[in-house]
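Reading through the structure tokens given below for one structure.
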Amino acid sequence: MQLQTKHLLTIRDLLPQEVLGLVQRALELKAALKAGGHERPLAGKSLALIFDKPSTRTRVSFEVGIAQLGGTSLFMTSQDSQLGRDEPLKDTARVMSRYVDCMVVRTFGQEVLTELARYADIPVINALSDLYHPCQVLSDLLTVREKLGQVHGLAYAWVGDGNNMAHSWLEAAACLGLKLRLACPPGFTPEDAIVAHAQAKGAEVQLTTDPAEAVAGAQVINTDVWASMGQEKDAQRRRELFEGYTVDKRLLSLAAEEAIVLHCLPAHRGQEISEEVLEGPRAVVWDQAENRLHMQKAIMEALLTGKAS
Ligand code: CP
Ligand code: NVA
């Protein structure tokens, strides 16, 4: 499958059939890897990761993923490149395009990604910004498909901060027409424009301040940290304001019997999720983390060879 987008900056860049195609391809790559290996369609390709925030899963899954597909990667931060000495993004984009085949960028402002993409001749992938985390949610759709057999026809719940992950779930809901209820404390709701876009696209999106209302009958329960990277100074205040938004056994008892609990990790036990739920039978977080590898590979293959399935 040829993706119609050159870059992956947000799930809004993808068509519904492309999202489903990536999920399908990731499943195939996962099965092939478990069966002993697969072709190396990215032999000779190189990937630059430019990260301005810490990462375990995203960095490792992209680096290992491109190696498994036959390519190589290099990792740098803005601070240890000339970006940290104010070399313009537009110059960096054009220079990097002469060396590597793809840039994977984790940063603060979404506008950094937009600017790099504007000037790059190569695909730019959003590895998390303050606004979105598209690769994580694409991978989470793979986990939902694996665990519940489908991504459609389910009730999705989001409990906690209306952050980058919530925004990418809204974009996924918009793209696929999903039913998504979000429970966020007052003042921590997702951006109005992103909610409005999802609703205009026909997604069944509902906002509430009551976690019980969001979770009631849901098959997919999603949460994330209360203070994202870059918000560390606000963490204590948020811990107080988010009281009652912990995904714990009592809240989970309101969900559908077959419900799964997703958390993109890293998790803070006792804050957004209880130890009991995180370590319990409904949580699928380790498979969810593994699936980052398979989805990154599907994404890179699609963007670098035009073959998603
Ligand atoms: N979920 C996720 O993106 O994890 P990292 O911050 O470790 O990459
Ligand atoms: N919302 C979190 C996600 C971490 C993977 C953050 O931005 O820090």
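Order of listing sets the numbers, starting from 1, for every ligand and every atom in it.
Once rounded to the nearest 0.5 Å, the distance linking CZ of Phe62 with CD1 of Ile299 reads 5.5 Å. Interatomic distance, Cys175 SG to Glu18 CD, rounded to the nearest 0.5 Å: 8.5 Å. In this structure, OG1 on Thr58 lies 6.5 Å from CD on Gln136, to the nearest 0.5 angstrom.
Ring geometry for Trp169 versus Tyr156: interplanar angle of 30 to 60°, hence tilted.
Close N/O approach between Cys264 and ligand 1 is found [any backbone or side-chain N/O within under 3.5 Å]. Between Arg59 and ligand 1, a contact under 3.5 Å exists for no N or O pair.
In this view, Arg40 satisfies the salt bridge (Lys or Arg N to Asp or Glu O under 4.0 Å) rule with no residue, not counting sequence neighbours.
Using a 4.0 Å heavy-atom cutoff, Arg106 is listed among the residues neighbouring ligand 1. Using 4.0 Å as the threshold, Leu265 has a heavy atom nearer than that to some atom of ligand 1.
If you check which protein heavy atom lies closest to atom 4 (O) of ligand 1, you get Arg57 NE, 2.8 Å. The nearest heavy-atom contact from the protein to atom 2 (C) of ligand 1 is Arg292 NH1, 3.4 Å. Ranking protein heavy atoms by distance to atom 7 (O) of ligand 1, first place goes to Thr56 N, 2.7 Å.
Residues Gln219 and Leu148 are in side-chain contact: their nearest non-hydrogen atoms beyond the backbone lie under 4.5 Å apart. Counting heavy atoms from C-beta outward, Gln110 and Tyr132 have side chains that approach closer than 4.5 Å.
When each atom of ligand 1 is checked for a heavy atom of His133 under 4.0 Å away, the hits are 2 (C), 3 (O).
A donor-acceptor pair shorter than 3.5 Å can be found between the side chains of Asp140 and Gln288. A donor and an acceptor atom, one from each side chain of His294 and Glu290, are located under 3.5 Å apart.
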Contact table ligand 2 N or O to protein N or O, d under 3.5 Å:
residue: ligand 2; atom: 1 (N); partner: Asn163; partner atom: ND2; Å: 3.4
residue: ligand 2; atom: 1 (N); partner: Asn164; partner atom: OD1; Å: 2.8
residue: ligand 2; atom: 1 (N); partner: Asp224; partner atom: OD2; Å: 2.6
residue: ligand 2; atom: 1 (N); partner: Ser228; partner atom: OG; Å: 2.8
residue: ligand 2; atom: 7 (O); partner: Asn164; partner atom: ND2; Å: 2.8
residue: ligand 2; atom: 7 (O); partner: Ser228; partner atom: OG; Å: 3.4
residue: ligand 2; atom: 8 (O); partner: Met229; partner atom: N; Å: 2.8

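A continuous path of Ile, Leu, Val, Met, Phe, Trp and Tyr side chains, each step under 4.5 Å between heavy atoms, connects Ile125 with Val23, placing both in one hydrophobic cluster.
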